[in-house]
Every structure is written in C-alpha cells, then in structure tokens.
Amino acid sequence: MASQYYQEMQESFKNNNKSREFPAHTAKVHSVAWSCDGRRLASGSFDKTASVFLLEKDRLVKENNYRGHGDSVDQLCWHPTNPDLFVTASGDKTIRIWDVRTTKCIATVNTKGENINICWSPDGQTIAVGNKDDVVTFIDAKTHRSRAEEQFKFEVNEISWNNDNDMFFLTNGNGCINVLSYPELKPIQSINAHPSNCICIKFDPMGKYFATGSADALVSLWNVEELVCVRCFSRLDWPVRTLSFSHDGKMLASASEDHFIDIAEVETGEKLWEVQCDSPTFTVAWHPKRPLLAYACDDKDGKYDNNREAGTVKLFGLPNDS
C-alpha cells in the first residue's frame, strides 16, 4: 500500500512534471546548488565561470556571471546560513568566495592542487576542499587561512560534514566511506559500503540518513547514528554521479549516465518518479523549501547542436501550464 506522502507527491508531479531549460554557460555545467533560502541557484561550468540565477515564480532569471577562475569550475556550494555567499572550486589551484550583493570575489585562496570537490561546514566556519592528489584542506571561512591539511592514501571522491558538524566523511576509490572525528580529524571508522568506487555522498536535511552512490550503479542509504546500511536503490544501470535529498528528507534523487533521474521515496525505496533526460546527468539539487529539482546534463552525444546552447541548467517540478 503506497503511503499518503507517496500518493500526494505522485499527484503533484503529474501536475508539475514540466522540465524547463535555461541557458547558463557556453560549455558543460558541472555543478548546481541552491542558496539556503532557495531564492538563488548557482551553477559552475567547464567554461571557467559560475552563474547565479534568481528564482522568480516558475523560471530562472540570470542575475550574474562570475569570472576569475583560470580553469573549469568543478564544484560549488553556498554558505549554510548566509544566502549571499558561495564558494567555487577549480582546477586552477584556487578556491574563490563570492558575494552576490557586490558580485565580486571577496577572497581567492591558493591551494596545492587541482581542486575537484568542496563543502562548507554546517556551522559556516570552515570550508573543506579536496584536490586530484587526494589532499583535503580545511580553510577558515573568515580569515581564509588553512587550518589543517590531510593527505590520504586512497582516492578521495566526495567529502561532507555530518549535520552536527562533529564528523567528517569521505567516499573513496576502494568503495569505502571513511569517517573522521571533527575537528580532530582522527579516524573513527572505515565502512565497506560498495564493491567498487564510492563516488558521491549526501546527508538528508533532517540528519537521520546519508546516502552514497557508487560505480556499481547502486545508491545505499545509511543510518547516521548507527552507521549501518538501511536499504539500497538499484534502478540505475550506470555509476551514480550525483545525489540530493528533498527539503523534507523524504525523497532522494539520483542520477548517472542513464537517461533519467530516479526519484525514490526514502522510507520505502519505492520509485516515486523518473525525470527523462536526453543525456547523462552530472549534478542534481533539490530546492531547500519545495519539490523543485535543479539539474544539468551532458551535451547530447557530446556534440553541440546549433539550435540549443550547451551548458543549460534545468528545473523539474514546474506547473505544466507555466
């Protein structure tokens, strides 16, 4: 028997199953993220820039383009409680902090390697950035100085704090999740999560679960308190690249090179919906207050076709008549 929530969301997506695309960049979009108040969406691209959009009713209106990086912007994230600040990680060996009120870069922090992943601590005080050499640097968000630096002996894929800010998680190339105490950065546990490369990790806003996606095409859901696997989602056929929990923690979107985004009900693992895509999806992000999903796909067949701009961001969950 499907839950009431399941039935309500299915009904909602039937009435709001439109995806609209908005031109954002001149090349592939690597990362999309919403500000904490949900008013803005930021995107980072292979074209070395970040873009910020305002969400107005049922569309995105481009507010600004942020230039300065000398290489691809691979990942970005917003300050957890300040809706005006976001940070970008680039292959140019810097991270940049931007303020949407001045549209300027307020800090450029040099790092030792080509940066591929970044996250902001839930208390807003620290930014962690990981590079291609598996070094994670912890940067003070106010002074912009490095607080700590850890070199890992395994391939670090994605990094995240837990919601309580007292543990730091890494997914690695051996299929493990490494859990460190924070701020001491002492190893607490290494969890054998998947038989192959463990790619991405996300915590649900309620602090009950986290999810990991792997090269084995599985998404696994974990209880945060007990660090045990609660269930697996297995509808994708390709390595899971990106995950996002809805604002209420009840839905989980996952995407890969499959030409759809899977939306699952977290408590049952049931498929709630699938969003059809023309090409592989690299990044998904649920809006922090409503069932609206931002995502970005690879360019069709890797070729730019002239009648559509490469580097679009898309929104799913808009009313059908919008």
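Position 1 is the first residue of the sequence; numbering continues from there.
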Please determine, by modelled atom types, if Ser51 and Asn65 share a side-chain donor-acceptor pair under 3.5 angstrom. yes
Please say yes or no: joined through hydrophobic side-chain contacts below 4.5 Å, possibly via intermediate residues, are Val87 and Val52 part of one cluster? no
Tell me, please, which residues at least two apart from Asn131 pass side-chain hydrogen bond (donor to acceptor under 3.5 Å, both in side chains). none
Is there side-chain contact between Leu252 and Lys202, with heavy atoms separated by less than 4.5 Å? no
Does the side chain to side chain contact (heavy atoms under 4.5 Å, CB included) test come out yes or no for Asp134 and Gln151, once each step is laid out? CA-CA 6 Å; Asp134 309 311; Gln151 168 77 61; 4.1 Å; yes
Worked verdict on Phe152 versus Val135 for side chain to side chain contact (heavy atoms under 4.5 Å, CB included): CA-CA 6 Å; Phe152 293 94; Val135 174; over 6 Å; no
So, do His69 and Thr94 sit near enough that their side-chain heavy atoms are less than 4.5 Å apart? yes
Name all residues meeting the salt bridge (charged side-chain N to carboxylate O under 4.0 Å, His left out) criterion together with Glu63; count only those two or more places apart in sequence or in a different chain, and write none if there are none. Arg40
My understanding is that only residues two or more places apart in sequence, or in another chain, count here; which of them pass side-chain hydrogen bond (donor to acceptor under 3.5 Å, both in side chains) with Asn115? Thr111
Pair up each side-chain donor or acceptor in residues 184-191 with any protein partner under 3.5 Å, not counting sequence neighbours, and list the distances.
residue: Glu184; atom: OE1; partner: Ser181; partner atom: OG; Å: 3.1

Parallel, tilted or perpendicular: which fits the ring planes of Tyr182 and Phe168, with parallel below 30° and perpendicular above 60°? tilted
So, do Asn172 and Ile177 sit near enough that their side-chain heavy atoms are less than 4.5 Å apart? no
Apply side chain to side chain donor-acceptor pair (under 3.5 Å) to residues His30 and Ser72 and explain how you reach the verdict. CA-CA 9 Å; His30 287 305; Ser72 173; 3.3 Å; yes
If hydrophobic clusters are built from ILVMFWY residues whose side chains come within less than 4.5 Å, do Trp34 and Val32 share one? yes
With clusters defined by side-chain heavy atoms of hydrophobic residues (ILVMFWY) lying less than 4.5 Å apart, directly or transitively, does Ile159 cluster with Trp161? yes
Of all the heavy-atom pairs spanning Ser43 and Val313, show the shortest one and how long it is. CB-CG1, 3.8 Å
Run the side chain to side chain donor-acceptor pair (under 3.5 Å) check on Ser244 and Tyr295 step by step: do they pass? CA-CA 10 Å; Ser244 181; Tyr295 63 101; over 6 Å; no
Does the side chain of Asn15 come under 3.5 Å of the side chain of Asn320 through a donor N or O and an acceptor N or O? no
Val29 and Thr283: which non-hydrogen atoms are nearest, and at how many Å? O-CG2, 4.5 Å
Exercise: identify the closest heavy-atom pair between Arg20 and Asp58: NH1-O, 3.6 Å
Let me confirm one number: the NZ-CD1 distance from Lys271 to Ile263, rounded to the nearest 0.5 Å. 10.5 Å
Listed by chain and number, what are the side-chain hydrogen bond (donor to acceptor under 3.5 Å, both in side chains) partners of Gln276, not counting sequence neighbours? Glu274
Quick one, Thr88 with Ile95, criterion side chain to side chain contact (heavy atoms under 4.5 Å, CB included). Give me CA distance, side-chain angles, the key distance, then yes/no. CA-CA 6 Å; Thr88 49; Ile95 68 164; over 6 Å; no
Pairs in or reaching into residues 256-268: which pass salt bridge (Lys or Arg N to Asp or Glu O under 4.0 Å), with residues at least two apart or in two chains? Lys208-Glu267, Arg235-Asp262, Arg241-Glu257
Rounded to the nearest 0.5 Å, how far apart are CG of Leu85 and CH2 of Trp78? 8.5 Å
How close do Ala24 and Phe53 get, heavy atom to heavy atom, and via which atoms? CB-CZ, 3.5 Å
With sequence neighbours excluded, residues passing side-chain hydrogen bond (donor to acceptor under 3.5 Å, both in side chains) with His247: none
Find the distance between OG (Ser160) and CD (Glu158) and round it off to the nearest 0.5 Å. 7.5 Å
Which residue pairs satisfy the side-chain hydrogen bond (donor to acceptor under 3.5 Å, both in side chains) criterion with at least one member in residues 135-146, sequence neighbours excluded? Asp140-Arg147
Please enumerate all residues that pass salt bridge (charged side-chain N to carboxylate O under 4.0 Å, His left out) together with Glu149, with sequence neighbours excluded. Lys112
Pairs touching residues 70-88 that satisfy salt bridge (Lys or Arg N to Asp or Glu O under 4.0 Å), sequence neighbours left out: Asp84-Arg101
Set of residues satisfying salt bridge (charged side-chain N to carboxylate O under 4.0 Å, His left out) with respect to Glu8, sequence neighbours excluded: none
What distance do Trp286 atom CH2 and Asp204 atom CG have between them, rounded to the nearest 0.5 Å? 14.0 Å
Aromatic rings Tyr66 and Phe86: how do their planes relate, parallel, tilted or perpendicular, breaks at 30° and 60°? perpendicular
Does Val219 share a hydrophobic cluster with Ile199, counting links as ILVMFWY side-chain heavy atoms below 4.5 Å and allowing steps through other members? no
Only one of Ile106, Leu76, Thr108 forms a side chain to side chain contact (heavy atoms under 4.5 Å, CB included) with Arg96, so which one is it? Thr108
Please confirm whether Phe210 and Phe169 have ring centers closer than 6.0 angstrom. yes
Going from CZ on Phe154 to CG on Asn157, what distance comes out if it is rounded to the nearest 0.5 angstrom? 10.0 Å
Please determine whether the number of non-hydrogen atoms from other residues, nucleotides or ligands lying under 6.0 Å from atom NZ of Lys93 exceeds 12. no
Is it the case that more than 12 heavy atoms not belonging to Glu56 sit under 6.0 Å from its CD atom? yes
Over all heavy atoms of both residues, which pair between Val284 and Thr242 is shortest? Give the atoms and the distance, please. N-OG1, 3.0 Å
Applying salt bridge (charged side-chain N to carboxylate O under 4.0 Å, His left out), name anything that partners Lys132, two or more places apart in sequence or on another chain. Glu114
Would you compute the distance between atom OG of Ser220 and atom CZ of Arg231 and round it to the nearest 0.5 angstrom? 11.5 Å
Establish whether Met251 and Phe233 are linked, either directly or via other cluster members, by ILVMFWY side-chain heavy-atom contacts under 4.5 Å. no
Side chains of Phe13 and Phe316, heavy atoms from C-beta outward: is any pair under 4.5 Å? yes
Please tell me if the side chains of His79 and Thr81 come closer than 4.5 Å, counting only heavy atoms from C-beta onward. yes
Gln10 vs Leu272, side chain to side chain contact (heavy atoms under 4.5 Å, CB included): CA-CA, chis, key distance, verdict: CA-CA 6 Å; Gln10 279 227 312; Leu272 231 170; 3.6 Å; yes
Least distance between heavy atoms, Pro288 atom then Ser35 atom: CG-O, 3.4 Å
With heavy-atom distances below 4.5 Å as the criterion, would you say the side chains of Leu55 and Leu60 are in contact? yes
